[in-house]
There are 2 protein chains.
Amino acid sequence: MIDLTNPGSLEAERVRSAAVARALGDPKRLCVLESLGTGEASVGELASRVSCQVPNMSQHLLVLRSAGLVTARRDGNTVYYRLSDPRILEACHLLSSIAR
Amino acid sequence: MIDLTNPGSLEAERVRSAAVARALGDPKRLCVLESLGTGEASVGELASRVSCQVPNMSQHLLVLRSAGLVTARRDGNTVYYRLSDPRILEACHLLSSIAR
DNA sequence: ATGCTACTTGCGTTCTTGCGCAACTTGTGA
DNA sequence: TCACAAGTTGCGCAAGAACGCAAGTAGCAT
């Protein structure tokens with residue numbers, strides 16, 4: 001049996017890494033992340049850039065947030081999302097260079 | 001409508017990148033890739049390192065191969081897999097550093 | 001040819017994802 | 001308070017993914 005309760009174990013680390021990879025594993029989410037490379041954006045803006053509906057975008061952002069890739073900030077009634085770490089852009093570029 | 005027939009389009013590139021990310025999006029497959037970092041290995045070896053059944057490992061290797069992350073070489077009746085690109089290890093490390 | 005070892009494939013089940021649509025929440029301003 | 005705009009959440013469905021197990025294929029040795 002594998003121990004996932006110890007966060008420092010190799011296995012637990014791979015589970016987290018895999019979760020991050022799965023969060024990156026959708027073209028729309030990659031588009032969102034690249035788009036956030038230039039700065040924060042609201043849900044509506046992102047939805048129109050990716051050309052999907054707002055609830056759908058909200059779901060994708062939830063996935064990204066759960067993986068720790070983006071953070072949210074509320075201003076009035078609009079919510080702005082931004083990258084939580086510049087290395088995420090690096091990961092996007094590395095992925096596309098591998099996928100070439 | 002989005003054109004996926006042009007392999008150079010941004011969208012098609014993201015689709016391929018996302019496919020790579022999904023292939024990375026499983027703890028066992030990450031384990032396989034890290035394990036292949038030290039050199040090629042047979043299906044049976046990989047199955048025992050990851051502690052899963054051979055057919056299951058064969059499936060995971062198919063996923064990795066379809067994403068272009070590993071290549072196979074047959075010698076006698078054993079098949080050896082290896083990383084197709086050293087940057088894949090980089091990607092694994094980047095993922096775990098982001099997931100930390 | 002027979003048997004053996006090493007993989008791959010097929011099949012059925014269960015779990016997860018992505019999406020659209022409707023309903024709900026929260027904040028703003030008249 | 002009422003209406004509106006911006007997001008989030010719930011629900012149902014269709015497609016995809018992971019796994020175990022059984023069956024099939026490929027190469028080698030006797």
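Predicted, not measured: the structure shown is a model, and the values here were computed from it. Every chain is numbered from 1 and lettered A, B, ... according to where its sequence line falls, protein lines coming before strand lines.
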For the pair made of CG in B:Leu24 and P in D:dA18, what is the distance, rounded to whole Å? 12 Å
Over the length of the helix from C:dA1-D:dT30 to C:dA30-D:dT1, how much do the five-pair end axes diverge, rounded to 10 degrees? 10°
Rounded to the nearest 0.5 Å, what's the gap from CG on B:Leu33 to CZ on A:Arg14? Could you check? 10.5 Å
Categorize B:Val54 for me: base, sugar-phosphate, or nothing, with a 4.0 angstrom heavy-atom threshold over every strand shown. base
Measuring from atom CD of B:Glu34 to atom CG of A:Leu10, what distance do you get when rounded to the nearest 0.5 angstrom? 7.5 Å
Can you find a side-chain donor-acceptor pair between B:Ser97 and A:Arg87 that sits under 3.5 Å? yes
Figure out the CG/C1' separation between B:Leu64 and D:dA17, and round it to whole Å. 14 Å
Return no unless some side-chain N or O of A:Tyr81 is found under 4.0 Å from OP1 or OP2 of D:dT8. yes
With a cut-off of less than 4.0 Å, is there a side-chain N or O of A:Arg29 near OP1 or OP2 of C:dG18? yes
Residue pair A:Ala67 / A:Val20: nearest heavy atoms and the distance that separates them: O-CG2, 4.0 Å
In whole angstroms, the gap separating P of C:dG10 from CG of B:Leu62 amounts to 11 Å
What integer distance in Å separates A:Lys28:NZ from C:dT17:C1'? 12 Å
Answer yes or no: does a side-chain N or O of B:Thr78 lie under 4.0 Å from OP1 or OP2 of C:dA6? no
Within one Ile-Leu-Val-Met-Phe-Trp-Tyr cluster: B:Leu89 and B:Val70, side-chain cutoff 4.5 Å: yes
Is the phosphate of C:dT9, meaning OP1 or OP2, less than 4.0 Å from a side-chain N or O of B:Gln59? no
CG of A:Leu61 versus C1' of D:dT8: gap in Å, rounded? 11 Å
How many whole angstroms separate atom CZ of B:Arg22 from atom P of C:dG18? 8 Å
Between the main-chain N or O of A:Ser48 and the side-chain N or O of A:Ser51, is there a donor-acceptor pair closer than 3.5 Å? no
Find the distance between OG (A:Ser96) and NE2 (A:His93) and round it off to the nearest 0.5 Å. 6.5 Å
In terms of hydrophobic clusters joined by side-chain contacts under 4.5 Å, are B:Val63 and B:Ile88 together? no
So which of A:Leu69, A:Val79, A:Asn56, A:Leu46 actually passes side chain to side chain contact (heavy atoms under 4.5 Å, CB included) with A:Leu61? A:Leu46
Counting only side-chain nitrogens and oxygens, does A:His60 get under 4.0 Å of the OP1 or OP2 atom of C:dC19? yes
Whole-Å gap separating P (D:dA6) and CD (A:Gln53): 15 Å
Determine, for nucleotides 22-30 of chain C in 5'-to-3' order, which nucleotides have protein heavy atoms under 4.0 Å from the base (write B), from only the sugar-phosphate (write S), or from neither (write -). B----BS--
Beyond-backbone contact of A:Glu45 with A:Arg49, side-chain heavy atoms, under 4.5 angstrom: yes
Value in whole Å for how far the P atom of C:dA6 lies from OH of B:Tyr80: 10 Å
Taking only the side-chain nitrogens and oxygens of B:Asn56, find out if one of them lies under 4.0 Å from OP1 or OP2 of D:dA18. no
Do any side-chain nitrogens or oxygens of A:Ser42 fall under 4.0 Å of OP1 or OP2 in D:dG7? yes
